[in-house]
Amino acid sequence: MMDDSRSVTAPPGRADRTARMADLLDAARGGSEDALGQITAELSPMLWHVARAAGLGADDAGDVVQTVWERLLSHLADIRVPQALVSWLVVTAKHEAWRMRSHGRRQFPADQEWLTAIPDHATGTEEQILIDEQQRALWRAVGRLSAPCQALLRIIAFVPRPDYQSVSAALGMPVGSIGPTRGRCLEKIRVLLADERGGS
Amino acid sequence: MNRPDDASDQQLDDFDFAILDGIRAIFEQIDPMPADLPERVRFSLALRGLETEVARLVTEEDSRLAAARGTEQSRTVTFDSASLSVIIRIEESKNGSVRIDGWLAPPQRRDIELETSAETLRVASDDAGRFAFGQVPRGVARLVVVGAAERDQSGGGPTVVTPALVL
């Protein structure tokens, strides 16, 4: 059980969510298609963004999402806790995306590797979609990050909050500090954001 | 670098969370997951038996040469599973349906099913591992190489399913 007196920063509902995912996993292991459907509905967008952040085109990213879920069926028995589920999914999606790219199914110019994650950033079309000025400032700040930071923050932004720790560990970043790369990326974007707000 | 506290996000403050929430909202707007993807996932997960091998998509090639001839367009897709490979060529017909020619490697006689959202089409491969579906409606479909017991020289093995394809 979670000790609420200590985890003051815990947003309400995170324990509920963890418990709910645990129940869904149990039901899915028991063969419930409905439970599996709820899990896939909730976490497919995260997998989509992992694949897109890896530089895949839309068709390939869709295939990766599908393949990850198919592979999960064979691994359901091994995944005991919801935290393990999300990090398993993220790592498997990254691996599948890498595998698909290494097979060269589609060709990318090498330097577009990361730009695909942020399509046509320079053209400003996304900026027009974003009506909210706060969002536009954030988007400009994202565009000024290094490509790996853009991809990393994109992935982490779609990871459910209670799973940050296990995902950061699974991505090979030290638990506790959440990882120097992630820390640097967030630190960097805070500076850039202050810059956007102050300078324009 | 190990820290005694166990909650990793204790070092993220509300502003960090607001940034991540904001990034999430932006990507949801500019590059959303395709609306039909959850349906494709459900379709491919449905009715999957435990004794089934899932084939992986290995290569996919579009052929624009045929299109250049002004007739039709085709693509060749290869799937691998532990026990066999399936290669299919998908050709658009003029009447709006699709023709699929396929080969199993190693060559073997097996029952082959094509599950579409409307119906399941059934054919069998010949000794050379060849099979064909002459007229397939467009849409989402997947191939199933039906499991067969080992019998004489014709081989046999577990059921193999491919990921869902958009035809």
Just to verify, what does Ala132(B) make a side chain to side chain contact (heavy atoms under 4.5 Å, CB included) with, not counting sequence neighbours? Arg99(B), Asp101(B)
Tell me whether Asp14(B) at atom CG has more than 12 heavy atoms from other residues, nucleotides or ligands lying less than 6.0 Å away. no
Inter-residue atom distance Ile26(B).CD1 - Arg136(A).CZ, 0.5 Å rounding: 11.0 Å
For Gln134(A), does the CD atom have more than 12 heavy-atom neighbours from other residues, nucleotides or ligands under 6.0 Å away? no
Treat each ILVMFWY residue as a node, draw an edge where side-chain heavy atoms are under 4.5 Å apart, and state whether Val136(B) and Leu143(B) are in one component. yes
Is there a salt bridge (Lys or Arg N to Asp or Glu O under 4.0 Å) between Arg56(B) and Glu70(A) once you walk through the steps? CA-CA 10 Å; Arg56(B) 287 171 161 197; Glu70(A) 280 157 5; over 6 Å; no
Determine whether Val123(B) and Leu104(B) fall in the same hydrophobic cluster, where Ile, Leu, Val, Met, Phe, Trp and Tyr are linked whenever their side-chain heavy atoms lie under 4.5 Å apart. yes
Count I, L, V, M, F, W, Y as connected when their side-chain heavy atoms are under 4.5 Å apart, and connections chain through other members. Are Ile30(B) and Leu153(A) then in the same cluster? yes
Tell me, for Ser44(A) versus chain B, whether the close heavy atoms (under 4.5 Å) come from the side chain, the backbone, both or neither. both
Within a 6.0 Å radius of atom CZ on Arg138(B), are there more than 12 heavy atoms belonging to other residues, nucleotides or ligands? yes
Inter-residue atom distance Gln66(A).CD - Arg142(B).CZ, 0.5 Å rounding: 9.5 Å
What closest approach, in Å, do Ala25(B) and Gln135(A) show between heavy atoms, and which atom pair accounts for it? CB-NE2, 3.7 Å
Nearest 0.5 Å, what's the CG-CD1 distance between Leu192(A) and Ile19(B)? 10.0 Å
Going by the ring-ring contact (aromatic ring centres under 6.0 Å, His included) test, which pairs reach into residues 35-55 of chain A, not counting sequence neighbours? His49(A)-Phe158(A)
If two hydrophobic side chains count as joined below 4.5 Å and joins carry through other members, does Leu121(B) share a cluster with Phe79(B)? yes
Please round to the nearest 0.5 Å and tell me the distance separating atom CZ of Phe17(B) and atom CZ of Arg161(A). 5.0 Å
Toward chain A, the part of Asp21(B) with a non-hydrogen atom under 4.5 Å: side chain
Once rounded to the nearest 0.5 Å, what's the spacing between atom CD1 of Ile23(B) and atom CG of Leu145(A)? 7.0 Å
What part of Leu47(A) lies closer than 4.5 angstrom to a heavy atom of chain B: side chain, backbone, both or neither? neither
With a 4.5 angstrom heavy-atom cut-off, is it the side chain or the backbone of Pro163(B) that approaches chain A, or both, or neither? both
Give, for atom CD1 of Ile155(A) and atom CG of Leu20(B), the distance between the pair rounded to the nearest 0.5 Å. 12.0 Å
A side-chain contact here means heavy atoms from C-beta on lying under 4.5 Å apart; do Thr67(A) and Leu57(B) qualify? no
